[in-house]
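One structure is given here, and the rest of the page talks about it.
Quick note on labels: first sequence line is chain A, next is B, and so on, each numbered from 1.
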Amino acid sequence: MLGRTANSLFWMFRYLERSENTARLLEAALRMALTRDVTTAQEEWRSVVSTLGIRQLYQEHHEDFDGQAAWNFVLRDKANPASVREMFAAVRSNARVARTNISSEVWTSVNESYLKLDPMLVRPISQSAVGEVVSTIRRSGTRVHGALDGSMLRNEGFHFARAGTFIERAESTARILDMKYFLLLPSLSYVGSSLDSGQWDQVLRSVAGASAYSWLNAGQIEARGIVEFLILDDRFPRSLAFCRNALRENLAALARMHGDRGSCHELMSDADAHISSLSVDEILERGLHEFLIDFMSRNAAIADAIADDYRFLA
Amino acid sequence: MQQAQQGSGAGPENESQAAGGAGASVNFDEMTDVGGSVRPAYADYDGWLGEQDAAALKRKSAEADDSFRRTGITFNVYGEDEAEERLIPFDMVPRIITAAEWRRLTRGIEQRVRALNSFLYDLYHRQEIIRAGRVPERLFRQNEAWLPHMVGFTPPGGIYTHIVGIDLVRTGPDEWFVLEDNARTPSGVSYMLENRETMMAMFPDLFSRVPVEQVSNYPRRLARSLAACAPPACSGKPTVAVLTPGIYNAAYFEHAFLADQMGAELVEGSDLRVVNGRVQMRTTRGYKPIDVIYRRVDDEFLDPLTFHPDSVLGVPGIMDVYRAGGVTIANAPGTGICDDKAIYSFMPEIVEFYTGEKPLLPNVQTWRCADADSLAYVLDNLAELVVKEVHGSGGYGMLIGPTATKKEIREFRAKLEAHPENYIAQPTLSLSTCPIYTKKGLAPRHVDLRPFVLVSPTGIDITPGGLTRVALKKGSLVVNSSQGGGTKDTWVLKD
C-alpha cells in the first residue's frame, strides 16, 4: 500500500472518530445545560470548547459562552477550521484518496453520510434542531464503522484505519477526563462527600459510558470508580485500556504484515511498561492530571511514529 | 469529458436559424424509421417497453440520479467560491447497435487505430509520410503536442496509443463518420461501465429478454493489455499503476474506479521517485518499482526535468527511465499530436499510406483554412459551417454557424482572417437521434458514440459498447456534459 494512502486511511478514521466524539460531548453538554442555571451552563460550554482545544479561537469571535454560539461554532462556523463540518469533509476527501483501498460499502456509507450531514450544517442550527444534527453525526460514525467491520479485508489498510480510530479515541477520553480532573480533588481528602454527581454523570455521558457504568456499579456515582472505569476497565470500548489494547493489536498486525517492527512498536512497549500496570490508587496518588498528560504525550508520540515507520509523508 | 459535437442546426427550438442550415429537415432516428415503425435493433426493447407501467418508469428515472450521487459518480466543476459536484445526467433508454453494425464499425476502428500507431511511429522515426509528400511538415513542426524527446525512441512493444477513444457520429442507416480521434488520454469509460451497472440494477428483466454483449470485463481487458506492454526492465508479473493528478481533478472518480477495478495502485506524482534507474512508488514497505504507468496526466506533468524545469509536478527523471526501457508510459508521451484537428483532416491519407487500404470509416468533410481556396469557401459560408480551432478541445474556441448570432460570426470571421492556419471547418451534419425518456414519454435527441479501444502487442481489443453522449435539449447538437449533455447505456446486441 502507498504511504500516502495509509496516511489517508489513518486520518480518515481519526477525523471520523473526532467528529463522533465531538457529537457525544455536545449531546452531554446540551443535556447538562438544560438542568443548570445560566452561570453553570456557561461554565459547561466553556469546558466543551476547551476540551476541543478551540477556546482561544472561540473567544476571538464571541464574548461569552452562550450555548447556541458554542454549538454553532463547534459544528459549522466558517471561523472554526476544526468544525465538524470541516472534519467530515476531511473524512470524505481522505476516503476519496484511499478509494481504491476501502470497500465500496465503506465509501458509500461515508459519501451518503456526508450528503445527508453537510446540508444540515450549512445554516445556523437552532436549539430545536441541534439534537437531530448531533445524533446524525453519531450515527454516521456508527454506520461507517459497521461497513468497515463487515466489508473490509483485514489487510494493512484495515489496521491503519483502526490505529487512527483508537489513537483518536484514547486522546478524546483522556482530554474529557483531564478537563474534569479538578472535580476529583476534594474526593481525595474526604471520600464520598460533596461530589458533584451531575458533573460526573456528564463525563460518563460524553463517552457514552453512563449506562455501562451504572450497570457495572449499581448506579453508584463515585469518583474513584469512574476513574477506574474510564482508564482501566478494558471491557468498556472507550476506556484508555481498551483503546490501548486495540491499538497494540493493530500495531502487532502491521508488524506481522510488514515482517518488521518499527519505532511505534518500541514506544508502545515502553508505554506498556510504564503505565499499563498502574492501579487506580497509584494513578490517583501520583495525580490524575499528571497521569493523563503523560498518557496523551505517549499517545501522540506513537501516532507520529506510525507516520514515520510507514512512510506516510516521505 | 471532452469536446462538443454538432451537426444539423435546425431543431425546432433553435432560435437563430441560418437560412437553409444543411440537412435540416430529416434526422436519421435510430429507433424509429420515417414511417413510424420500430427498427429491428430496438424491436425487443420496444416490446418490453410497451409492457412497462408509466408511473414505475418515472420512479426509476429518479432512482438512477440518486444512485449515481450516492456512489459518487460526479465530476467537479470549479466556480468562483467553492467546488461544485455535478452529475452527468443519465438517460435510461439504451442506445442499441446490432451485431452486424458493430462488426462493420470495429473493422473501421481497428484500421484507423492501426494507422494512428504506425503514423506516430513514423513521425518519431523516418517520417516517410512527410518524405512522400502526403502530409506537410509544418503540421507537426509547429505543433506543441509534438515531442522532440520522443524522436528515435520506440516505446515498449512499439505501441504509442494504448487506449484510444474514436468519436463517431451517424447520419443514416450505413453512414457513420469519425468526428475526432482521442489518442492522448480519452476519458469516459467509467460511464460506459457504470451506466450498464445502473441499467442492470434498474431493469434486470430487460437483460434477461434482450441479449446484450457485456462490457463489464473492460477493466480486466485493460489490465491485461497494459501488462502486455511491460518494459524490458520488468521481470515477473508487471506492476501497473494509474497516475492521477489527484482528487481535485474532474475525472478523479474515473481514475480511482479503473485502478480499483484493475487492482492497480492509484498514484500521484508525489508518490513517485526515480530510484536505481526505475520509477518507484513510496509504499508502507519502502520504494517499489512500477512497470507500467497508465497516466491520466498531460505530457507536461510527467517530468519537470524534461518539460517544465520550474514545475513541482511530475516525476523528475521519469523520461530518462522511459527512454532506457525502465518503464512503460501509456499512452506514450507525444501521442497528443493525433488529437490535433489539422492532423485529423489528413487521416484518410494517413490510413491509406500505412494500411494500403481505403478508410473503412470516413472522416467528416473538412476544409483546412490554411489553404487559400478552402478559406475563401469557409468565409463565404460561415453561417452554415462548424469551425474548430485545430489545437482546441472541450468544445472551446469553435463556431457553430447555424446557431451563432451575427455578432459571433463577425467576431469569428476576424479571428479566422488573422490566423487561418489555426482553423478547420466542417459542414453541420444531420446527426442521428435516439429517444430519451422525458416526463411526456420518449422524445428523439441527437447522439454521438465513443467506443474504447485497447492496443497491445497482442492485438487490438474493442469492447462492444462505448459511451453514448446525448444532447438532452430538444434540437441541440451539443452533447458536452458541460453544456447540457447526458449519457446513455450503449448496447451491442448479440447475434
Side-chain angles (χ1 to χ4, degrees), chain A residues 1-10 12 78 85-86 89-90 92-116 118-119 122 153 155-157 159-160 163 251 253-255 257-260 262 264 306-314, chain B residues 65-76 81-85 87 190 194 197 219 223 239-273 275 280-288 290 294:
Chain A
M1 163 176 297
L2 294 174
R4 182 173 53 83
T5 312
N7 183 45
S8 281
L9 279 167
F10 184 80
M12 171 187 168
K78 279 200 160 64
R85 188 174 185 210
E86 288 297 324
R92 183 167 178 252
S93 61
N94 277 297
R96 264 218 168 127
V97 171
R99 179 64 191 84
T100 56
N101 285 274
I102 55 177
S103 64
S104 57
E105 278 187 43
V106 172
W107 160 251
T108 312
S109 63
V110 169
N111 193 41
E112 288 186 19
S113 298
Y114 171 84
L115 293 174
K116 175 153 190 220
D118 199 61
V122 173
L153 276 180
N155 58 8
E156 51 183 328
H159 292 287
F160 285 120
L251 293 185
L254 288 172
M257 290 170 184
H258 287 81
D260 196 15
C264 64
I306 294 172
D308 275 357
D309 291 344
Y310 297 104
R311 302 168 178 86
F312 281 7
L313 299 173
Chain B
D65 267 13
D66 198 40
S67 133
F68 278 91
R69 199 171 284 285
R70 278 184 290 121
T71 323
I73 310 176
T74 52
F75 66 103
N76 301 328
D81 284 336
E82 279 176 41
E84 184 190 345
E85 290 173 12
L87 290 177
S190 59
E194 285 293 347
E197 290 302 316
T239 300
V240 177
V242 178
L243 175 59
T244 174
I247 60 168
Y248 299 110
N249 184 270
Y252 178 79
F253 162 74
E254 178 158 304
H255 308 160
F257 177 87
L258 290 174
D260 190 36
Q261 300 269 311
M262 287 197 290
E265 284 293 355
L266 180 64
V267 300
E268 293 179 15
S270 64
D271 299 317
L272 305 181
R273 180 188 284 180
V275 184
Q280 309 216 15
M281 57 183 167
R282 193 182 76 244
T283 76
T284 59
R285 292 169 166 78
Y287 280 89
K288 195 181 161 220
I290 298 175
Y294 174 22

Can you tell me which portion of [X] sits under 4.5 Å from chain A's heavy atoms? Options are side chain, backbone, both or neither.
| X | result |
| --- | --- |
| B/Thr244 | neither |
| B/Val242 | neither |
| B/Glu268 | both |

Per-residue contact mode, [X] against chain B (heavy atom under 4.5 angstrom):
| X | answer |
| --- | --- |
| A/Leu313 | backbone |
| A/Asn101 | side chain |
| A/Leu2 | both |

Closer than 3.5 angstrom, by distance alone: can the side chain of [X] be matched with the main-chain N or O of [Y] as a donor-acceptor pair?
| X | Y | result |
| --- | --- | --- |
| A/Asn111 | A/Trp107 | no |
| A/Asp309 | A/Cys264 | yes |
| A/Tyr114 | A/Ser109 | no |
| B/Glu254 | B/Ser190 | yes |

Does the pair A/Glu156/B/Arg285 count as a salt bridge with the N-to-O cut at 4.0 Å?
yes
I'd like to know which of B/Lys288, B/Arg273, B/Glu265, B/Met281 tops the heavy-atom pair count under 4.5 Å against chain A.
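Of B/Lys288, B/Arg273, B/Glu265, B/Met281, B/Glu265 has the most heavy-atom pairs under 4.5 Å with chain A.
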Would you check if B/Tyr294 and B/His255 make a side-chain contact, meaning some heavy-atom pair closer than 4.5 Å?
no
Chain B: which of A/Arg4, A/Met1, A/Glu112, A/Met257 shares the most heavy-atom pairs with it under 4.5 Å?
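Top option by heavy-atom pairs under 4.5 Å: A/Arg4.
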